[in-house]
Amino acid sequence: MSERRYDPTRIEPKWQEIWARERTWEVSNQVGASPLDQREKAYVVEMLPYPSGEPHIGHLKNYALGDAIAHYHRRIGQRVLHPMGYDAFGLPAENYAIQTGVHPRTSTDESIAAFQRAFRRWGISIDWSRELATHQPEYYRWTQWIFLKLFERGLAYRKEAAVNWCPNDQTVLANEQVIDGRCERCGHLVEVRQLEQWFFRITDYADRLLDDLDTIDWPEHVKTMQRNWIGRSDGAEVTFRCEELGIDYPVFTTRPDTLFGATFFVMAPEHPDVFRLAAGTQYEQPVHEYVNRALSEPVEDREATEKPKTGEPLGRTVTNPVTGEQIPMYVSDYVLMEYGTGAIMAVPAHDQRDYDFAVAFGLPIRPVVAPAEGEAPAGQAFVAHTANERLINSDIFTGMSAVDGQQAIVDWLDREGKGHPSVSFRLRDWLVSRQRYWGCPIPIVYCGRCGMVPVPERDLPVELPEVDDYQPRGRSPLAAAENWVNVRCPECGGSARRETDTMDTFVDSSWYFLRYCDARNDKAAWDRQVLKAWMPVDQYIGGVEHAILHLMYARFFIKALADMHYLDVQEPFQALFTQGMILGPDGHKMSKSRGNVISPMPIVDRYGADAARCYILFIGPPDQDAAWSETSLEGVHRFLGRLWRLGYELSGDAGGAGEAGAAEQPERPSGDALTVVRKAHWAIDKVSRDLTGRFAFNTAISAVMELVNDIYRYAGADPEARRFATATAASLLFPFAPHLGAEVYEMLTGRRVWEESWPDADPDMLVTDTFELVCQVNGRVRDRVRAPSGAPREELERLCLAARGVQTHLDGHEIAKVIVVPDKLVNVVAR
RNA sequence: GCCCGGGUGGUGGAACUGGUCAGACACGGUCGCCUUAAGAGCGACUGCCCAAGCGGCAUGAGGGUUCGAGUCCCUCCCCGGGUACCA
């Protein structure tokens with residue numbers, strides 16, 4: 001019974017066992033040792049999973065996609081590196097430990113085991129010899145090593161800064177990890193605290209991170225997101241002097257052309273000089289109150305856009321460097337300490353925020369840029385949009401275009417020593433300290449005598465100690481591990497204490513794709529020559545949710561390491577593909593609270609891995625979101641069954657006419673046999689085109705469906721032709737449904753499909769002798785006639801004009817023009 | 001607000017650089033065959049309207065360019081994502 005129908009529970013384990021036993025997907029780093037190693041390399045990586053519980057449907061999609069790409073590259077003759085790893089440090093395991101007391105390592109390792117089982121069960125072609133997990137000392141030893149290298153180079157440093165603090169997770173967060181004023185992980189409102197923390201100097205790389213986006217083949221929207229995040233602004237720094245106190249205050253502006261309109265000056269509440277400025281004035285008390293209120297406000301409220309402008313005068317003035325006027329100083333929370341210099345020149349006539357403030361405080365509004373035509377709109381700031389506005393009220397610059405004026409004013413400031421061209425970025429340095437347990441320890445020691453001392457490389461890894469209590473209490477749980485914390489200073493041998501913060505887990509995942517290349521190296525993080533052979537990653541596949549965080553951090557790491565000559569590429573991921581989400585059957589994002597979560601394992605158990613994989617690829621364009629549909633999945637399952645049955649019936653297994661090894665293309669097919677053979681070549685061509693760069697897996701699979709439909713339709717065709725076509729279908733489907741592809745191909749040919757090169761479409765088989773010529777009159781189809789392929793224009797025109805449908809519609813009209821599209825259509829324009 | 005995507009049948013989605021009456025492939029639906037029956041399988045039909053034709057209307061709405069527009073241009077509406085007091 002089971003022999004006679006498609007039975008994935010029989011087929012899938014059979015092939016999985018072969019692939020595991022023969023280590024089919026392992027590749028060697030010994031380039032040049034054998035002819036096989038001379039092939040062009042292709043490095044295909046899916047973003048490594050965070051192992052938590054069981055894999056979900058998004059993982060299935062991610063790895064089904066990556067696996068199809070990896071298989072395709074192998075079949076077209078490339079040497080493919082396709083490894084797997086686990087992003088194993090992180091808060092969920094730690095929070096679980098707090099609740100249950102189960103060590104994060106225990107729960108993480110269990111999850112990893114579940115993921116490993118799933119990947120084997122799904123038949124993903126992974127080189128298991130390179131598997132890694134970021135929580136293993138053999139891995140994080142090198143994470144620490146990279147930290148030390150960054151430290152040596154001044155790219156890792158400590159500073160006290162206003163940082164985002166999540167009171168729920170009891171840890172600090174990087175800017176990128178604060179979403180709408182809330183913690184990216186737990187959703188709790190974030191507070192601002194003044195703390196000394198570790199940072200990576202990613203801002204040093206802002207320009208390169210921006211410029212090099214032009215060199216990589218990434219989706220445009222992801223590049224745009226990164227560009228916006230980096231936020232480069234070109235402008236000028238202009239100095240405003242407070243004469244009373246004799247202090248210069250530089251400000252950054254993108255609109256130096258509006259300098260004559262600067263009628264007041266505003267500082268951020270966090271600005272270190274605010275109290276000093278107000279001291280001794282009548283505003284001292286109100287300023288204190290205002291600043292204290294502003295600083296204690298939750299981040300979410302502080303950043304709310306639509307709130308009325310508030311502030312206090314500081315009782316001091318600064319000199320506008322071009323007008324010489326004394327303009328009043330204010331403190332207001334609409335100025336951010338983190339951006340620019342923490343102070344701004346306010347031009348109410350041409351900046352909406354300054355306008356709102358000026359109105360609220362009754363300050364003068366002086367227009368200095370006139371619209372190209374008409375009047376500036378009343379009741380709001382006039383923000384110039386074109387190159388045609390002219391400067392007014394601007395002394396010697398009056399009458400210049402705003403663009404020229406900008407240049408001229410900056411030149412003047414430069415000559416006078418009152419300003420210069422400047423660039424500002426939105427990007428901030430990456431805050432990497434976390435006051436948590438389950439992360440990579442920061443390899444630094446504090447010595448009373450020597451200060452901050454890096455742990456010597458020979459002492460790495462600094463292993464995580466065992467602790468009894470994972471509960472964070474504003475400091476890392478590591479601080480409680482006294483035996484671990486107290487060490488000898490590596491420099492002087494005196495007593496010292498370890499750094500107790502751990503690293504942001506994005507550090508772990510910023511370099512794992514380097515380690516894959518040389519995963520078992522215990523002498524170094526990697527061998528530079530080995531990296532040279534594999535890097536960059538040719539195709540990276542993952543979710544858009546990492547468009548900024550992970551992808552920016554990894555790019556920074558690669559550039560920093562390249563600068564230190566540890567590797568030879570400037571970008572980690574040459575091409576990126578971002579997959580869409582699988583939504584629940586109700587079209588909403590899957591979530592436990594919605595109760596619409598589909599787990600992949602029961603699906604795989606019921607329909608087989610091949611059906612689950614094919615369905616997920618068939619559902620629609622892989623970069624788009626798609627809702628899960630069980631009935632559609634059944635349709636794909638039926639299709640696989642139809643292909644299997646063709647293989648079964650056409651091979652010797654059914655006791656029919658078939659014979660193994662005879663699935664070659666027939667010599668001179670004709671009639672239905674020719675039609676089927678042609679369809680096979682059409683499918684080869686279509687699938688190949690859909691797979692190269694386009695990742696149109698949905699249409700690729702539909703092409704194989706069409707081929708299978710035709711093999712059924714022409715059941716009477718020569719069996720040789722049908723065997724050829726069926727073997728071709730199996731071969732084309734292999735990247736998506738590897739078990740069935742291998743099975744059917746073996747039934748028909750006795751050979752292993754993954755060892756066969758990708759089929760070539762015969763161009764002669766793609767064209768037919770005749771085609772259906774579309775005959776249009778005034779753009780409307782009026783008839784269709786058969787015409788010989790490649791016929792000259794005149795002949796097509798003649799055929800069209802002779803067509804009956806055309807004749808009737810031409811009756812009584814004059815032919816104005818005839819448009820001929822060779823091998824397609826003829827359009828007669830009639831009057 | 002700004003920046004990206006995207007609006008095509010009952011549903012998911014096809015349609016290469018504007019060119020075969022748009023709707024591949026699949027789901028769902030209807031009918032039939034096979035079967036004692038169920039299931040599975042196989043086959044046919046399936047955008048809308050209609051006086052049923054060599055007919056009309058249809059790719060969010062409205063204009064435009066063109067012999068020809070889902071595809072290009074303009075205006076607007078809706079949905080999704082990113083981002084936002086960044087000077």
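If you're wondering where the values come from, they're calculated on a predicted model, not measured in any experiment.
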Visitor: Quick one: side-chain contact (heavy atoms from CB on, under 4.5 Å) partners of A:Val291, sequence neighbours excluded?
Guide: A:Pro269, A:Val274, A:Phe275, A:Val287, A:Leu295, A:Val331
Visitor: Whole-Å distance between B:rC25 P and A:Leu732 CG?
Guide: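 Value for this atom pair: 17 Å.
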Visitor: Answer with base, sugar-phosphate or nothing: what part of the nucleic acid does A:Asn709 contact at a heavy-atom distance below 4.0 Å?
Guide: sugar-phosphate
Visitor: A:Arg638 near the nucleic acid: base, sugar-phosphate alone, or nothing, with a heavy-atom cut-off under 4.0 Å?
Guide: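 Touches sugar-phosphate only.
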Visitor: Please pick, from B:rG19, B:rC86, B:rG82, the nucleotide with the shortest atom-to-atom distance to any side-chain atom of A:Ile548.
Guide: B:rG82
Visitor: So which one's nearest nucleotide on RNA chain B is more toward 5', A:Thr253 or A:Arg713?
Guide: A:Arg713
Visitor: OP1 or OP2 of B:rA40 sitting under 4.0 Å from any side-chain N/O of A:Arg645?
Guide: no
Visitor: Give one of base, sugar-phosphate or nothing for A:Asn827, where a contact means two heavy atoms less than 4.0 Å apart.
Guide: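 The residue A:Asn827 makes base contact.
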Visitor: Rounding to a whole Å, what distance do you find between A:His350:NE2 and B:rA87:C1'?
Guide: 14 Å
Visitor: Under 3.5 Å, is there an N or O donor on one side and an acceptor on the other linking the side chain of A:Arg642 and the base of B:rC42?
Guide: no
Visitor: I want to verify a distance call: between B:rA84, B:rC67, B:rU20, whose nearest atom is closest to the A:Arg426 side chain?
Guide: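 The answer is B:rA84.
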Visitor: Just jot down the side-chain contact (heavy atoms from CB on, under 4.5 Å) partners of A:Phe252, sequence neighbours excluded, or say none.
Guide: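 Result, side-chain contact (heavy atoms from CB on, under 4.5 Å) vs A:Phe252: A:Ser233, A:Thr254, A:Tyr339, A:Ser422, A:Ser424.
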Visitor: Do A:Asp356 and A:Arg353 make a side-chain contact, defined as non-hydrogen atoms from C-beta onward lying under 4.5 Å apart?
Guide: no
Visitor: Does any N or O in the side chain of A:Tyr290 come within less than 3.5 Å of the main-chain N or O of A:Asp333, such that one atom is a donor and the other an acceptor?
Guide: yes
Visitor: Could I get the full list of ring-ring contact (aromatic ring centres under 6.0 Å, His included) partners for A:Tyr714, not counting sequence neighbours?
Guide: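 For A:Tyr714 there are no ring-ring contact (aromatic ring centres under 6.0 Å, His included) partners, ignoring immediate neighbours.
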Visitor: For residues 696-705 of chain A, tabulate all N or O donor-acceptor pairs below 3.5 Å that involve a side-chain atom, not counting sequence neighbours.
Guide:
residue: A:Thr699; atom: OG1; partner: A:Asp690; partner atom: OD2; Å: 2.8
residue: A:Thr699; atom: OG1; partner: A:Ala696; partner atom: O; Å: 3.1
residue: A:Ser702; atom: OG; partner: A:Thr699; partner atom: O; Å: 3.0

Visitor: With sugar-phosphate meaning primed atoms plus P, OP1 and OP2, does A:Gly231 contact a base, only sugar-phosphate, or nothing at under 4.0 Å between heavy atoms?
Guide: nothing
Visitor: Sequence neighbours excluded, which residues qualify as ring-ring contact (aromatic ring centres under 6.0 Å, His included) partners of A:Tyr330?
Guide: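 With sequence neighbours excluded, A:Tyr330 shows a ring-ring contact (aromatic ring centres under 6.0 Å, His included) to A:Phe357, A:Phe361, given in chain and number order.
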Visitor: Which part of the nucleic acid, if any, lies within contact of A:Ser233, taking any heavy atom under 4.0 Å across all strands shown: a base, the sugar-phosphate backbone alone, or nothing?
Guide: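 The answer is sugar-phosphate, as A:Ser233 gets under 4.0 Å only of primed atoms, P, OP1 or OP2.
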Visitor: Note every stem involving RNA chain B: at least three consecutive Watson-Crick or G-U wobble pairs, i with j then i+1 with j-1, with both distances under 3.5 Å.
Guide: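 Only these stems qualify: B:1-7 with B:77-83, B:10-12 with B:25-27, B:28-33 with B:41-46, B:47-49 with B:55-57, B:60-64 with B:72-76.
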Visitor: Go through B:rC67, B:rA87, B:rA24 for me and flag the one nearest to the A:Glu706 side chain.
Guide: B:rA24
Visitor: Salt bridge between A:Asp7 and A:Arg5, side-chain N to carboxylate O under 4.0 Å?
Guide: no
Visitor: Can you check the A:Arg689 CZ to B:rC16 P distance for me, whole Å?
Guide: 11 Å
Visitor: Given B:rA84, B:rC86, B:rG19, identify the nucleotide with an atom nearest to the side chain of A:Arg428.
Guide: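 Ranking B:rA84, B:rC86, B:rG19 by closest atom to the A:Arg428 side chain puts B:rC86 first.
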Visitor: With nearest nucleotides of RNA chain B determined for A:Met225 and A:Leu773 from heavy-atom distances, which residue corresponds to the more 5′ nucleotide?
Guide: A:Leu773
Visitor: Applying ring-ring contact (aromatic ring centres under 6.0 Å, His included), can you list everything that pairs with A:Tyr249, at least two apart in sequence or on another chain?
Guide: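 Partners of A:Tyr249 under the ring-ring contact (aromatic ring centres under 6.0 Å, His included) test: A:His271.
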Visitor: At a cut-off of 3.5 Å, list every protein nitrogen or oxygen paired with a nitrogen or oxygen from nucleotides 1-5 of chain B, distance to 0.1 Å.
Guide:
none

Visitor: Between B:rG39 atom P and A:Arg5 atom CZ, what is the distance in whole Å?
Guide: 13 Å
Visitor: Quick test of your reading: applying salt bridge (Lys or Arg N to Asp or Glu O under 4.0 Å), list the pairs with at least one residue in residues 702-711 of chain A, sequence neighbours left out, ordered by first then second residue.
Guide: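 Sorted pair list: A:Lys679-A:Glu706, A:Asp710-A:Arg713.
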Visitor: Any protein N or O atoms within reach of nucleotides 30-33 of chain B? Criterion: under 3.5 Å, listing atom names and distances.
Guide:
none

Visitor: For B:rG9, is chi within 90° of 0 (syn) or not (anti)?
Guide: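 What B:rG9 shows is a syn base, its glycosidic angle lying within 90° of 0.
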Visitor: Mind checking A:Arg227 for me? I need base, sugar-phosphate or nothing, with any heavy atom below 4.0 Å counting as a touch.
Guide: nothing
Visitor: What are the atom names and distances for every N/O pair under 3.5 Å that joins the protein to nucleotides 10-14 of chain B?
Guide:
residue: B:rG12; atom: O2'; partner: A:Ile619; partner atom: O; Å: 2.7
residue: B:rA14; atom: OP1; partner: A:Asn698; partner atom: ND2; Å: 3.0

Visitor: May I have all residue pairs that pass salt bridge (Lys or Arg N to Asp or Glu O under 4.0 Å) and include part of residues 638-648 of chain A, sequence neighbours excluded?
Guide: A:Arg645-A:Glu649
Visitor: Please work out whether the ring planes of A:Trp644 and A:Tyr6 are parallel, tilted or perpendicular, with thresholds of 30° and 60°.
Guide: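 Answer is tilted, since the angle falls between 30° and 60°.
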